[in-house]
Amino acid sequence: MRVRTGEEAVVRLDLTENAAKRRCLEKEATPGVQAMAQRNKKYDRQLRIWGEQGQEALEKANICVLNVGPTGAEALKNLVLGGIGSFTIVDGSDIQASDLGNNFLIEWDSVGRRKASAVCSVLHEMNESVEAKFVEESPEALIESNPSFFGQFTLVIATQMSEFALVKLDQICRRYDVLLLVARSYGLFGHVRISVKEHVVIEAKPDNKVEDLRFHKPWPELRRLVEEFDIDTKDPVIHKHIPFGVLLIKILDDWKAEHGGQMPSSLRELKAAITSRRRSDDEDNYKEALKAAYLVTSPPVLKPELLAALNDRCAELDSLSSEFWIMVAALKQFLENEGQGEPPLDGSVPDMHSFTEYYIRVQKVYQARAEADAAAVEERVRSILKQIGRDPNAISKTTIKHFCKNARNLRVYRYPKISEECSSRAGTEFQKLLAAEDNSNAALYVLLRAVDRFAATYKRYPGVFDSEIEDDICQLKSTAADVLNDIGSSGASIPDDLVSEICRFGAAELHCVAAVVGGIAAQESIKLLTGQFMPLSGPLIYNAISATSTVFNC
C-alpha cells in the first residue's frame with residue numbers, strides 16, 4: 001500500500017474539484033449560453049479576424065442581392081457562410097439547362113424552376129441561422145415599380161446589371177442611406193465597384209501599422225518608471241532583461257545630455273549609441289531596441305486621412321450629426337489640448353525580452369495612459385452632446401474607447417454617384433493609365449461601359465450571335481471611341497484584341513471568373529458592414545487573362 005504525499009493529495013483534490021465544477025457549469029448553463037458557445041465555435045476563425053464587434057455587425061446586416069447567376073450566387077454564398085443576419089434574393093428568371101455549367105447552387109432537377117427560390121433554398125441549408133427570403137421579379141422592374149423596397153436593407157449587391165439600371169438604383173440607395181456594391185463578370189473579365197455617400201472606417205488595420213509607443217515623448221508616469229532602472233547595472237542577468245523601451249529612452253536622454261539637448265541627427269547615430277551600451281551578442285533586449293530605434297527618430301505622425309477627417313465639413317456639428325462625427329470633433333479638441341498634438345494612446349505593448357514583472361509594469365503604465373486619454377475624450381464627447389441638444393449618454397463608453405484605440409487610423413470614404421462617373425471626364429490618373437503602352441485593364445473599364453451602350457442601342461450584347469461577331473466588333477469599337485471621347489480621352493486607343501475578346505465572350509458568365517469576382521464582392525461587403533479594413537477606393541477591374549486586377553480613381 002502506497003501512502004500518498006500531501007502534494008499529491010492536493011493535486012488530486014484540485015483535479016476532482018475542477019471536474020466537479022465543470023459538470024456543475026455544464027448542467028447550469030442556460031440555453032442562451034449554450035447557443036452563444038455554439039455560435040462562437042461556428043465562427044471561430046472569423047472572430048479572430050474581425051472580432052466580436054465585427055461579427056455582431058454582420059449578424060445585424062440585412063442584404064439584398066439582385067440576380068443570382070454565378071456572380072451573385074458566389075458573393076451571397078460567402079456572406080451566408082460568414083453569418084449575415086438575413087438576405088433577400090431578387091431575380092425573375094427561370095433556370096435553364098445552360099445554368100448548370102456555371103452555377104454550382106443549381107442541380108438538374110431545378111431546371112424550369114424559378115432561380116430565386118431554388119438558390120435561396122440551397123443557401124439557407126448552408127447556414128440555417130440566416131433568415132432567407134426571395135422575390136421572383138426582375139430587379140429592373142422592381143426599381144421602377146417599388147423603389148422604397150430597397151430602403152429596408154443594410155447593403156444591396158447588384159450583379160450583372162446595366163449602367164442605365166445602376167444609375168437609378170444608386171439614386172434610390174443614396175436616398176435611403178443604403179450601401180451599394182456593384183459586381184459583374186463578363187467572360188474572362190470582372191468589375192467591382194462601391195457606391196455610397198459616406199463610409200467611415202474606425203478599424204482600418206493598415207498593413208504597415210506603426211506602433212505608437214511615445215519613446216520620443218514619454219509622459220511623466222512612463223519617465224518615472226524608466227528612472228527606476230539602471231541600464232548600467234553590473235548584474236548580467238538584469239542587464240539582459242531590461243525592457244527595450246527603457247533602454248531607448250535612457251540612451252536617448254544620455255545622448256541629449258552630451259549633445260546640448262539635441263536629438264541624434266540620424267538613425268545610424270542612435271543605433272551606434274545603443275550598440276555601444278551592449279555587452280554581448282546574446283542580449284535580445286538590445287536587438288529589440290535596435291529594431292525599434294526608428295520610433296525615436298521617426299515617430300508616427302498624423303496621417304493625411306486622419307487630418308482630412310479632422311478638417312472635414314462634417315466635423316462642424318449640429319443636432320443631426322452622427323456618432324462618428326461627434327467623436328471626431330471631440331478628438332480634434334483632445335489633440336489641441338490634453339493630447340498636445342498626439343491622438344489617444346491605444347495602450348497596447350508589443351511582446352519583449354524581459355522579466356515578466358518588468359513587462360507587466362510597463363504594460364500597466366501604457367494601459368493607465370490609454371484609459372486616461374479615453375476618459376478625456378469621453379468627457380469632451382459628453383460636453384459636445386449637451387451643446388448640440390442631445391442626450392449626453394447617447395454614445396456608450398465602450399464605443400468611445402473603441403474609437404480612441406483606433407483613432408490614429410481613422411478613414412472616411414466618399415464615392416461619386418454612378419451617374420457622375422458615367423457622365424464626367426476621367427481623372428488625370430486614369431488618363432495616364434489609358435495613355436500607357438500596356439493599358440489593358442484601363443481599356444477593359446472603357447469596354448465594359450461600351451457594351452452597355454451597345455446593348456441599349458441594339459437590345460442585345462455584342463457577340464451573342466456568332467453570325468454577327470464581325471459586325472459587332474466594328475460597332476463596339478465605334479461605341480468605345482464614343483466613351484473615350486465622353487471621358488476626355490479621345491486620343492487614347494483600345495487594343496483590337498481586347499475588342500475581339502469582349503465580342504467573343506457574348507456576355508457569358510464563366511464560373512471560374514464569377515467565383516473570383518463574387519469572392520471580391522463578398523470581401524468588400526464585409527469591409528463595409530463591419531467598418532473594418534480599407535475598402536476599394538474606386539472601380540476594380542479583374543483580368544483573368546493576365547491574372548491581374550487594378551483599382552482606378554476615375
Side-chain angles (χ1 to χ4, degrees), residues 48 51-53 202-203 205 209-233 235-254 256 270 274 277 283-296 299-302 327 330-331 334-335 337-382 396-410:
R48 295 167 188 259
E52 185 67 37
Q53 194 162 0
I202 294 178
E203 291 186 70
K205 299 182 180 178
K209 181 181 177 182
V210 178
E211 291 175 324
D212 183 11
L213 298 173
R214 306 284 167 90
F215 296 149
H216 66 296
K217 192 188 291 185
W219 61 97
E221 292 79 7
L222 178 58
R223 186 163 288 286
R224 281 198 291 270
L225 174 66
V226 169
E227 292 302 323
E228 294 176 14
F229 288 88
D230 176 13
I231 67 170
D232 295 318
T233 177
D235 187 323
V237 177
I238 293 177
H239 195 263
K240 290 180 180 180
H241 291 83
I242 297 173
F244 74 87
V246 173
L247 296 176
L248 281 172
I249 295 172
K250 281 267 194 179
I251 292 170
L252 179 64
D253 286 346
D254 291 347
K256 291 166 72 175
L270 179 57
I274 296 169
R277 308 288 280 269
E283 292 187 311
D284 291 336
N285 55 339
Y286 274 83
K287 292 178 184 177
E288 293 170 346
L290 288 166
K291 188 176 180 180
Y294 75 97
L295 292 173
V296 174
V301 297
L302 299 184
M327 291 189 290
L331 173 62
F334 175 88
L335 282 163
N337 296 279
E338 300 93 340
Q340 299 180 351
E342 299 282 356
L345 200 69
D346 67 17
S348 60
V349 179
D351 193 14
M352 62 185 70
H353 189 79
S354 72
F355 293 131
T356 303
E357 175 196 349
Y358 292 171
Y359 180 79
I360 291 173
R361 286 165 66 188
V362 172
Q363 191 178 52
K364 285 182 177 179
V365 170
Y366 274 86
Q367 289 175 346
R369 177 57 187 263
E371 291 284 344
D373 285 353
V377 174
E378 181 184 355
E379 187 175 345
R380 292 190 173 279
V381 168
R382 308 291 178 218
S396 72
K397 188 170 186 175
T398 301
T399 299
I400 297 170
K401 287 182 70 174
H402 180 70
F403 175 88
C404 290
K405 185 175 179 64
N406 296 282
R408 194 174 279 279
N409 293 304
L410 298 179

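Contact of the E221 side chain with the R223 side chain is not registered, since no non-hydrogen atoms from C-beta on lie closer than 4.5 Å. Side-chain contact between L213 and L248: absent, with no pair of heavy atoms (C-beta onward) separated by less than 4.5 Å. Using a 4.5 Å cut-off on side-chain heavy atoms (C-beta onward), E283 and E288 make no contact. Contact check for L222 versus I249: side-chain heavy atoms found under the 4.5 Å cut-off. The shortest side-chain heavy-atom distance between R380 and I400 does not fall under the 4.5 Å cut-off. No side-chain heavy atom of I242 sits less than 4.5 Å from a side-chain heavy atom of K250. Contact check for F229 versus I238: no side-chain heavy atoms found under the 4.5 Å cut-off. Inter-residue side-chain proximity for I274 and F244 is flagged as unmet; no heavy-atom pair is nearer than 4.5 Å.
D230 meets the salt bridge (Lys or Arg N to Asp or Glu O under 4.0 Å) test with no other residue; sequence neighbours excluded. Applying the side chain to side chain donor-acceptor pair (under 3.5 Å) test to D235 and every residue at least two apart in sequence or in another chain returns nothing. Listed by chain and number, the residues in a side-chain contact (heavy atoms from CB on, under 4.5 Å) with K401 are E371, A374, K397 (sequence neighbours excluded). Under the rule for a side-chain contact (heavy atoms from CB on, under 4.5 Å), the partners of K256 that lie at least two apart in sequence or sit in another chain are L252, M263. Legend: residues meeting side-chain contact (heavy atoms from CB on, under 4.5 Å) with E379, ordered by chain and number and at least two apart, are absent.
In the displayed structure, K217 atom NZ is contacted under 6.0 Å by more than 12 heavy atoms of other residues, nucleotides or ligands. Counting heavy atoms of neighbouring residues, nucleotides and ligands inside a 6.0 Å radius, atom NZ of K205 exceeds 12 of them. Counted within 6.0 Å of CD on Q367, heavy atoms from surrounding residues, nucleotides or ligands total more than 12; the atom is thus considered enclosed.
The distance from atom CG of D232 to atom CZ of R277, rounded to the nearest 0.5 Å, is 4.5 Å. Note: Q363 CD to T356 OG1 = 11.0 Å, rounded to the nearest 0.5 Å. In this structure, NE2 in H402 is found 8.5 Å from CE in M327, a value given to the nearest 0.5 Å. Between the CD atom of E211 and the OH atom of Y294 there is a distance of 6.0 Å, given to the nearest 0.5 Å. In this structure, L335 CG and E342 CD are separated by 8.5 Å, a value rounded to the nearest 0.5 Å. Atoms CD1 and CG, from I231 and D253 in turn, are 9.0 Å apart once rounded to the nearest 0.5 Å.
Counting only distance, with no hydrogens or angles, the side chain of N285 and the backbone of K240 share a donor-acceptor pair below 3.5 Å.
The aromatic rings of W219 and Y366 lie perpendicular to each other, with more than 60° between the two planes, well past the 30° mark.
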Give the intermediate values and the outcome of side-chain contact (heavy atoms from CB on, under 4.5 Å) for residues E338 and Q340. CA-CA 6 Å; E338 300 93 340; Q340 299 180 351; over 6 Å; no
Go through the steps for F403 and E378 under the test side-chain contact (heavy atoms from CB on, under 4.5 Å), then give the verdict. CA-CA 10 Å; F403 175 88; E378 181 184 355; over 6 Å; no
When the side chains of residues 343-354 are checked against the rest of the protein, which donor-acceptor pairs come out under 3.5 Å, sequence neighbours left out?
unit_1	atom_1	unit_2	atom_2	d
D346	OD1	S348	N	2.9
D346	OD1	S348	OG	3.0
D346	OD2	S348	OG	3.4

